[in-house]
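Working notes, beginning with the structure itself.
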Amino acid sequence: MTRIVNTEQDVAWNGAEGAHWAEHNDGDPVNRELTEALLVAAGIGPTTRLLDIGCGTGESTRMAARLAPHGHALGLDLSAVMLERARAAAGAAGLDNVTFEQGDAQVYPFAEGQYDVAVSQFGIMFFADPVAAFRNIGRALRPGGRLVFLCPREMTANAWYVVPIAALDGGAGRLPDSAMFSLADPAQLTALLTDAGFREVRPEPLDLPMAFGTDLAEATGFYLGSGPVRAVLERSPDLTPELARTLLVEALRPYQEPDGVRIPGANWLVTATRP
Ligand SMILES: C[S@@+](CC[C@H](N)C(=O)[O-])C[C@H]1O[C@@H](n2cnc3c(N)ncnc32)[C@H](O)[C@@H]1O
C-alpha cells in the first residue's frame, strides 16, 4: 500500500461512505450522460493512456478503456471496497487494458510524464492540500497532457443536495458544509490549478440532472445512507429514520420520472493543460 496523507477521507471512503457508494453505484451506470460529457471533453483516442482520479467503482475508467483499445486506463482510489467492485466489473467485461490501484492521488507515486490525460468525475474535491495534489497529478502527465474533471458548482445551485436536506431540516436550510463544494468558486479553482502548474484552465458549466435511483424507494435509500443526511440525523434527535424516510419520499416525489428520480445538478466541466 502506498502512502496516504488524506487520512480523514481514507477513513470515510474505507468506512460508511465507501460502503454506501459501493452499494449504490453498482450495476447500471448512474449519470452516464455526465460521464460521456467528461470523456468527450477528454478527447480519448485509440492509444490514449489515461488516469482516472477517485475512480470509485470505475464505471468511467471502464468506459474510457473501451475508447482506448490500444491504450490504457488506470483508476486510482482510496476505497478498497469500491475498487473491489471496479476490478470485478472490468474482469466480467473482459477488459484487459484497465487496472485499478488503491492510493492517495495527493502523493501517489505515478509514473512521471506517462499519461496523455487525467480525468475525474467528482473525485478531486477532497484533497487536504489541493495544490500539492494537482501538482502530483500534473507530474504524471506528459507535456501537453490534459486534465479534465467534473466538480459541483455552488451548493445552492445543486437541488439534488439542497432539496432533501432542506426537507429534513424543516426548510431551515442549515446545510452541512461539505468538501464536495470545495472547488465551486471558478476564480479560486483557476488560481489553484495555475499554482499547481496547469495552464489554459477553463471551467465550463455543465448542468444535468443527477440520478440517485430508479424509483422513489431506491432514491430515498440512497439519501438516508449518505454523509450529509446522516449528519442531519445526528444533530436532530427528534428526527427518527421513519420520519426522515417519509419526508424524503415527499421531497423527492416531484422529481420522479419514468426512468428514475432525477434532480437538477450544477457542475463545472474543467479542462486544463500541463505545459
Ligand atoms: C463522490 S465519489 C466519486 C466516485 C466516482 N468517480 C463516481 O463518479 O462514481 C469520490 C471518490 O473519490 C475518492 N477519493 C477521495 N479522495 C481521494 C484521494 N485523495 N485519492 C484518491 N481517491 C480519492 C473516494 O474514495 C471516492 O471513491
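Both counts, for ligands and for their atoms, begin at 1 and track the order of listing.
Under a 4.0 Å criterion applied to the non-hydrogen atoms of Gly56, ligand 1 contributes the atoms 4 (C), 27 (O). Contact atoms of ligand 1 toward Asn6: 19 (N) (distance under 4.0 Å to a heavy atom of the residue). Within ligand 1, the atoms closer than 4.0 Å to a non-hydrogen atom of Gln121 are 3 (C), 5 (C), 6 (N), 7 (C), 8 (O), numbered from 1 in the order shown. Distances below 4.0 Å separate heavy atoms of Ala105 from the following atoms of ligand 1: 18 (C), 19 (N), 20 (N), 21 (C). For ligand 1, the atoms sitting less than 4.0 Å from at least one non-hydrogen atom of Met82 are 27 (O), numbered in the order shown with element in parentheses. Within ligand 1, counting atoms from 1 as listed, the ones closer than 4.0 Å to a heavy atom of Phe127 are 18 (C), 19 (N).
Around atom CD of Glu257, more than 12 heavy atoms belonging to other residues, nucleotides or ligands sit under 6.0 Å away. Residue Arg3 places its CZ atom among 12 or fewer non-hydrogen atoms of other residues, nucleotides or ligands, all under 6.0 Å distant.
Note: an N/O pair closer than 3.5 Å links Asp104 and ligand 1 by distance alone. For a threshold of 3.5 Å applied to N or O pairs, the pair formed by Trp13 and ligand 1 contains no separation below that value. On a distance-only criterion, Asp77 and ligand 1 share at least one N/O pair closer than 3.5 Å. In terms of polar-atom proximity, defined here as any N/O pair under 3.5 Å, Phe126 makes no such contact with ligand 1. For a threshold of 3.5 Å applied to N or O pairs, the pair formed by Phe122 and ligand 1 contains no separation below that value.
When each of Leu51, Leu50, Asp52, Thr271 is checked for a side-chain contact (heavy atoms from CB on, under 4.5 Å) with Val117, only Leu50 meets the rule. When each of Asp129, Ile124, Asn136, Val131 is tested with Gln106 by the rule side-chain contact (heavy atoms from CB on, under 4.5 Å), just one qualifies, namely Asp129.
Ala90 approaches Val98 most closely through the heavy-atom pair CB-CG1, 3.8 Å.
A heavy-atom separation below 4.0 Å is found between Gly103 and ligand 1. Heavy-atom separations between Cys55 and ligand 1 include at least one value shorter than 4.0 Å.
Between Phe126 and Trp13, the two ring planes are perpendicular [angle over 60°; tilted spans 30° to 60°].
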